[in-house]
Peer 1: 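My questions will all concern the structure given below.
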Amino acid sequence: MTYQSIFRPSLFAGQTIIVTGGGTGLGRAAAHELASLGAHVVLVARKLENLEKVRDEIVAAGGSASAVVCNIRQEESVVALFDQVLAERGAVHGLVNNGGGQFLSPAENISLKGWHAVVETNLTGTFLMCREAYNRCMGQHGGAIVNMLMDNERGFPGMVHSGAARAGIENMTKTLAVEWAKSGVRINAVAPGVINSSGLDHYPPWVQASIRGFVQNIPAKRMGTESEVAATIVFLLSPAAAYITGVSIKIDGASSLWRSNWEIDDHNNAPPPYDGFGDVGRGE
Ligand code: ADE
């Protein structure tokens with residue numbers, strides 16, 4: 001399975017790019033695309049199993065990848081990750097902060113432990129990864145970072161913790177874009193809408209059905225693909241985005257803009273789904 005990127009094959013040749021949450025879903029797709037464009041991809045997550053699977057997929061496709069276990073919530077774990085990657089690779093040129101997680105719950109039922117877990121994983125974890133990337137490497141040599149947001153423009157009912165954490169990441173992205181511009185570091189974010197990602201599988205069937213039901217309110221009248229998010233991440237890491245920093249790009253078929261005063265008749269006219277894995281769906 002060779003990933004079919006729309007970008008030039010050797011675009012990231014000689015670069016080392018860390019992708020957190022690289023063992024599944026959006027992280028896996030971004031890792032495949034970056035590796036297909038010549039990057040060495042460091043796949044990071046808390047558990048090795050999925051990382052090894054994706055590493056083997058990438059190597060089988062002719063790419064270069066390694067798998068490193070790290071808990072992004074723990075400072076010492078993030079420091080150890082950079083110790084290892086810098087010892088093995090010498091430099092880190094790109095960072096995709098895709099690793100994170102949340103659970104569905106009405107706000108009033110969220111315990112302090114649950115709140116902390118989501119905020120620490122998404123917001124604190126992203127901060128620690130950015131800080132170490134900057135202090136250990138990018139501050140001297142420049143680099144590009146892409147953070148992961150969600151479609152929380154109008155709040156995020158059912159996931160107050162993640163909506164708040166992602167709002168924090170978006171603001172942090174703007175701050176760091178200004179503070180680190182002096183070192184040639186660009187930092188941007190992507191905000192996926194309803195994506196047909198393997199992340200959906202973590203929800204109970206009734207939630208999955210409800211998420212699929214959102215499609216009627218998406219002006220594009222379809223879900224997005226993992227590859228459509230990956231391509232945006234790749235663009236933001238690439239030299240084509242050299243003058244773009246501190247922004248968030250929505251990948252949502254205009255779903256965040258839709259209002260109930262505008263009925264959208266069924267149509268089939270959205271541009272066809274783009275899937276670098278070659279088979280529209282999950283590419284698995
Ligand atoms: N993905 C989800 N949670 C994570 C964590 N704590 N560390 C690394 N990757 C993660």
Side-chain angles (χ1 to χ4, degrees), residues 19-30 44-47 50 70-74 78 95-130 145-176 187-214 217-218 223-224 226 228-230 232-233 247-253 255-258:
V19 180
T20 65
T24 53
L26 301 178
R28 170 179 171 267
V44 170
R46 263 178 315 174
K47 294 194 193 120
N50 286 331
C70 167
N71 185 346
I72 58 171
R73 284 166 68 178
Q74 291 176 351
V78 174
L95 167 63
V96 181
N97 282 312
N98 161 75
Q102 56 267 313
F103 56 91
L104 202 61
S105 172
E108 62 271 28
N109 295 344
I110 295 177
S111 67
L112 184 59
K113 189 169 171 238
W115 172 268
H116 278 316
V118 172
V119 173
E120 282 172 18
T121 305
N122 294 294
L123 180 56
T124 309
T126 299
F127 169 70
L128 289 173
M129 289 295 298
C130 289
I145 300 174
V146 177
N147 292 331
M148 185 59 68
L149 306 177
M150 67 200 304
D151 175 13
N152 63 356
E153 210 170 85
R154 293 188 278 176
F156 207 99
M159 291 189 184
V160 63
H161 39 27
S162 196
R166 309 287 179 163
I169 295 172
E170 182 167 25
N171 197 268
M172 179 171 73
T173 302
K174 294 176 187 176
T175 299
L176 300 182
I187 175 162
N188 294 293
V190 293
V194 186
I195 306 296
N196 188 15
S197 151
S198 64
L200 278 187
D201 301 343
H202 299 146
Y203 296 110
W206 68 270
V207 178
Q208 291 184 34
S210 143
I211 291 172
R212 290 180 196 287
F214 292 163
N217 295 333
I218 302 175
M223 298 171 91
E226 292 175 346
E228 287 164 340
V229 179
T232 310
I233 293 170
V247 309
S248 308
I249 298 185
K250 295 189 277 192
I251 306 129
D252 72 351
S255 60
S256 57
L257 302 174
W258 178 78

Peer 1: Just jot down the side-chain hydrogen bond (donor to acceptor under 3.5 Å, both in side chains) partners of Asn188, sequence neighbours excluded, or say none.
Peer 2: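 Expected list: none.
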
Peer 1: So which heavy atom on Ala165 is nearest to which on Asn122, and how close?
Peer 2: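 Smallest interatomic distance, heavy atoms only, reads CB-CB, 3.9 Å.
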
Peer 1: Could you walk me through whether Val194 and Ile211 satisfy the side-chain contact (heavy atoms from CB on, under 4.5 Å) test, starting with their C-alpha distance in whole Å, then the side-chain angles of each, then the deciding distance to 0.1 Å, before giving a yes or no?
Peer 2: CA-CA 7 Å; Val194 186; Ile211 291 172; 3.6 Å; yes

Peer 1: In chain order, what residues pass the side chain to side chain contact (heavy atoms under 4.5 Å, CB included) check against Ala230, with sequence neighbours excluded?
Peer 2: Tyr3, Ala29, Ala30, Glu33

Peer 1: I need the minimum non-hydrogen distance between Asn109 and Ser105, along with the two atoms involved.
Peer 2: CB-OG, 3.6 Å

Peer 1: Provide the closest heavy-atom pair for Thr24 versus Asn50 in the form atom of the first, atom of the second, distance.
Peer 2: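 Heavy atoms only, the tightest pair is CG2-ND2, 3.5 Å.
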
Peer 1: Are Asn147 and Thr126 close enough that a side-chain donor and a side-chain acceptor fall under 3.5 Å?
Peer 2: no

Peer 1: Of all heavy-atom pairs between Val146 and Val190, which one has the smallest distance, and what is that distance?
Peer 2: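 Where Val146 meets Val190 most closely, the heavy atoms are CG1-CG1, 4.1 Å.
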
Peer 1: Listing request: all salt bridge (Lys or Arg N to Asp or Glu O under 4.0 Å) pairs with a residue in residues 101-110, at least two apart in sequence or in separate chains.
Peer 2: none

Peer 1: Hey, could you give me the OG/CE distance between Ser255 and Met223, rounded to the nearest 0.5 Å?
Peer 2: 10.5 Å

Peer 1: Who pairs with Ala45 by side chain to side chain contact (heavy atoms under 4.5 Å, CB included), at least two apart in sequence or on another chain?
Peer 2: Leu51

Peer 1: Any heavy-atom pair between the side chains of Asp252 and Ile218 that's under 4.5 Å?
Peer 2: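 Ile218 does not reach Asp252 side chain to side chain.
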
Peer 1: Can you tell me how far CD1 of Ile251 sits from CG of Leu26, rounded to the nearest 0.5 angstrom?
Peer 2: 8.5 Å

Peer 1: Which pair of heavy atoms, one from Ala117 and one from Thr121, lies closest together, and at what distance?
Peer 2: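 Looking at all heavy atoms of both residues, the shortest contact is O-OG1, 2.7 Å.
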
Peer 1: What distance separates Glu170 CD from Met150 CE, expressed to the nearest 0.5 Å?
Peer 2: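 Result: 12.5 Å between the selected atoms.
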
Peer 1: Check whether any side-chain heavy atom of Asn97 sits under 4.5 Å from a side-chain heavy atom of Met148, and report yes or no.
Peer 2: no

Peer 1: For the CG atom of Leu104 and the CZ atom of Phe156, what is their distance to the nearest 0.5 Å?
Peer 2: 8.5 Å

Peer 1: Determine whether a donor-acceptor pair (N or O, by modelled atom type, separation under 3.5 Å) exists between the side chain of Gln102 and the backbone of Val118.
Peer 2: no

Peer 1: Could you check whether any side-chain heavy atom of Glu226 comes within less than 4.5 Å of a side-chain heavy atom of Asn196, counting everything from C-beta outward?
Peer 2: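 Side-chain contact under 4.5 Å: no.
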
Peer 1: Could you tell me whether a side-chain N or O of Glu228 sits under 3.5 Å from a main-chain N or O of Ile195, the two making a donor and an acceptor?
Peer 2: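 Pair absent, no side-chain N/O of Glu228 close to backbone of Ile195.
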
Peer 1: So do the side chains of Cys130 and Ile187 get within less than 4.5 Å of each other, counting heavy atoms only?
Peer 2: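 Side-chain contact under 4.5 Å: yes.
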
Peer 1: Could you tell me the separation between the CG atom of Asn171 and the CG atom of Leu176, rounded to the nearest 0.5 Å?
Peer 2: 9.5 Å

Peer 1: What residue pairs, at least two apart or across chains, pass salt bridge (Lys or Arg N to Asp or Glu O under 4.0 Å) with a residue in residues 109-121?
Peer 2: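 Non-adjacent pairs meeting salt bridge (Lys or Arg N to Asp or Glu O under 4.0 Å): Arg73-Glu120.
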
Peer 1: Using the test ring-ring contact (aromatic ring centres under 6.0 Å, His included), find all partners of Phe214 that sit at least two apart in sequence or belong to another chain.
Peer 2: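 None.
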
Peer 1: Which pairs pass ring-ring contact (aromatic ring centres under 6.0 Å, His included) with one or both residues in residues 98-123, sequence neighbours excluded?
Peer 2: Phe103-His161

Peer 1: Counting distance only, does the side-chain N/O of Asn152 pair as donor-acceptor with the main-chain N or O of Gly163 below 3.5 Å?
Peer 2: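 Answer holds: yes.
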
Peer 1: Using the salt bridge (Lys or Arg N to Asp or Glu O under 4.0 Å) rule, collect all pairs that involve residues 147-168, keeping only residues at least two apart or in two chains.
Peer 2: Glu153-Lys250

